[in-house]
Amino acid sequence: MYKAFLHTHTLVVTLFFLIYVVKTVLLLSNREDLLKRFTKFVKIPEMIVSVLFLVTGIYLMTQLPEIKMILWVKIGLVLLSIPVAIIGFKKGNKILAALSLLMITAVYGLSEMSRKQKPVIAVEGNLDGKTLYDANCKLCHGEDGKLGAMGSSDLSKTTMDVATIKQTILNGKGSMNKIVMSDEQASAISAYLESSIKGK
Ligand code: HEC
């Protein structure tokens with residue numbers, strides 16, 4: 001479910017962005033006729049894309065274990081860019097149109113940045129499996145492994161063995177980023193999962 005929404009969100013955001021780019025390029029290059037035709041052509045798709053953008057975005061937000069500052073910045077920029085774009089395109093104001101595209105580009109950039117950022121949340125030197133689990137994994141998987149935030153797997157039901165769990169921590173899996181920590185710490189967490197969470 002989470003993944004379907006995430007993929008739909010990525011797709012509609014990309015489409016939304018592309019429509020914006022084309023419109024802005026047409027406006028900036030004084031292709032008024034073409035811009036008018038393009039705007040008419042994408043009117044319905046744009047409406048569908050915007051609604052899906054909103055619905056999937058809100059759903060994804062409800063699945064987040066915590067809402068970071070960067071997300072509020074992104075939401076603020078999107079909300080601000082809408083009236084700027086509407087006025088910009090309605091009045092044929094190139095500066096406003098370019099400004100709204102710039103804002104949307106910034107949101108896109110911020111999203112890419114936060115995706116690539118790897119969490120570095122190892123508790124220095126600590127080798128206690130439970131402490132490490134609580135510090136690094138609880139947010140998404142929950143104390144008992146069952147939380148499932150952001151589409152994460154129920155760890156109490158995992159069929160992974162200790163070695164595979166360790167690899168999952170160190171290399172990441174699908175939408176779970178790798179967690180930067182030492183080999184020994186990853187082993188300690190895997191052993192804790194095996195003894196206290198798996199099958200419980
Ligand atoms: C930011 C959220 C997040 C954090 C923090 C996180 N995970 Fe995950 N985890 C996920 C998601 C999402 C998946 C599902 C990945 C997929 O299959 O695409 C997952 C999957 C897994 C799986 C695979 C289970 C299976 O049976 O497929 C294991 C094991 C796992 N996580 C362990 C951990 C451990 C241990 C930690 C802490 C060191 C941790 N995770 C921290 C989100 C998170």
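In each ligand, atom 1 is the first atom listed, and ligand 1 is the first ligand listed.
Within a 6.0 Å radius of NZ in Lys157, no more than 12 heavy atoms belonging to other residues, nucleotides or ligands are found. Open room surrounds CD1 on Ile95; 12 or fewer heavy atoms of other groups in view lie less than 6.0 Å from it. Within 6.0 Å of NZ in Lys36 there are 12 or fewer heavy atoms belonging to other residues, nucleotides or ligands.
Contact annotation: for Asn177 versus ligand 1, there are no heavy atoms closer than 4.0 Å. Contacts of Met160 with ligand 1, taken as heavy-atom pairs under 4.0 Å, involve the side chain alone. Contacts between His141 and ligand 1, counted as non-hydrogen atom pairs separated by less than 4.0 Å, involve the side chain only.
Within the structure, ligand 1 has Lys3 among the residues with a heavy atom less than 4.0 angstrom away. The closest approach between Ile169 and ligand 1 falls below 4.0 Å for a heavy atom of the residue.
The side-chain contact (heavy atoms from CB on, under 4.5 Å) test with Val51 singles out one residue from Val49, Ile48, Val55, and that residue is Val55.
The pair Lys130-Glu143 meets the salt-bridge criterion, with a side-chain N (NZ, NE, NH1 or NH2) lying under 4.0 Å from an Asp/Glu carboxylate O.
No chain of hydrophobic side-chain contacts below 4.5 Å, direct or via other Ile, Leu, Val, Met, Phe, Trp or Tyr residues, connects Leu26 to Leu18.
Using a cut-off of 2.8 Å, one finds that Met176 contributes an N/O/S atom close to atom 8 (Fe) of ligand 1. With a cut-off of 2.8 Å, atom 8 (Fe) of ligand 1 has no N, O or S atom of Cys137 in range.
Side-chain contact between Lys74 and Leu71 is present, with heavy atoms from C-beta onward closer than 4.5 Å. Side-chain contact between Asp144 and Lys200: absent, with no pair of heavy atoms (C-beta onward) separated by less than 4.5 Å.
When only interatomic distances are considered, the shortest N/O to N/O separation between Lys173 and ligand 1 falls below 3.5 Å.
The two atoms that bring Lys173 and Thr168 nearest to each other are CB-CG2, 3.8 Å, heavy atoms only.
Ranked by closest heavy atom to atom 4 (C) of ligand 1, the top entry among Ser190, Ala135, Cys140 is Cys140.
Taking a cut-off of under 4.0 Å to the non-hydrogen atoms of Ile189, the atoms of ligand 1 that pass are 35 (C), 38 (C). The distance from ligand 1 to the heavy atoms of Thr168 drops below 4.0 Å at these ligand atoms: 22 (C), 28 (C). Near Thr158, the atoms of ligand 1 lying under 4.0 angstrom from a non-hydrogen atom of the residue are 24 (C), 25 (C), 26 (O). The Ser152 neighbourhood of ligand 1 comprises atoms 9 (N), 10 (C), 11 (C), 12 (C), 13 (C), 42 (C), with distances under 4.0 Å to a heavy atom of that residue. Those atoms of ligand 1 that come under 4.0 Å of a heavy atom in Asn136, given as number and element, are 5 (C), 37 (C), 38 (C), 41 (C).
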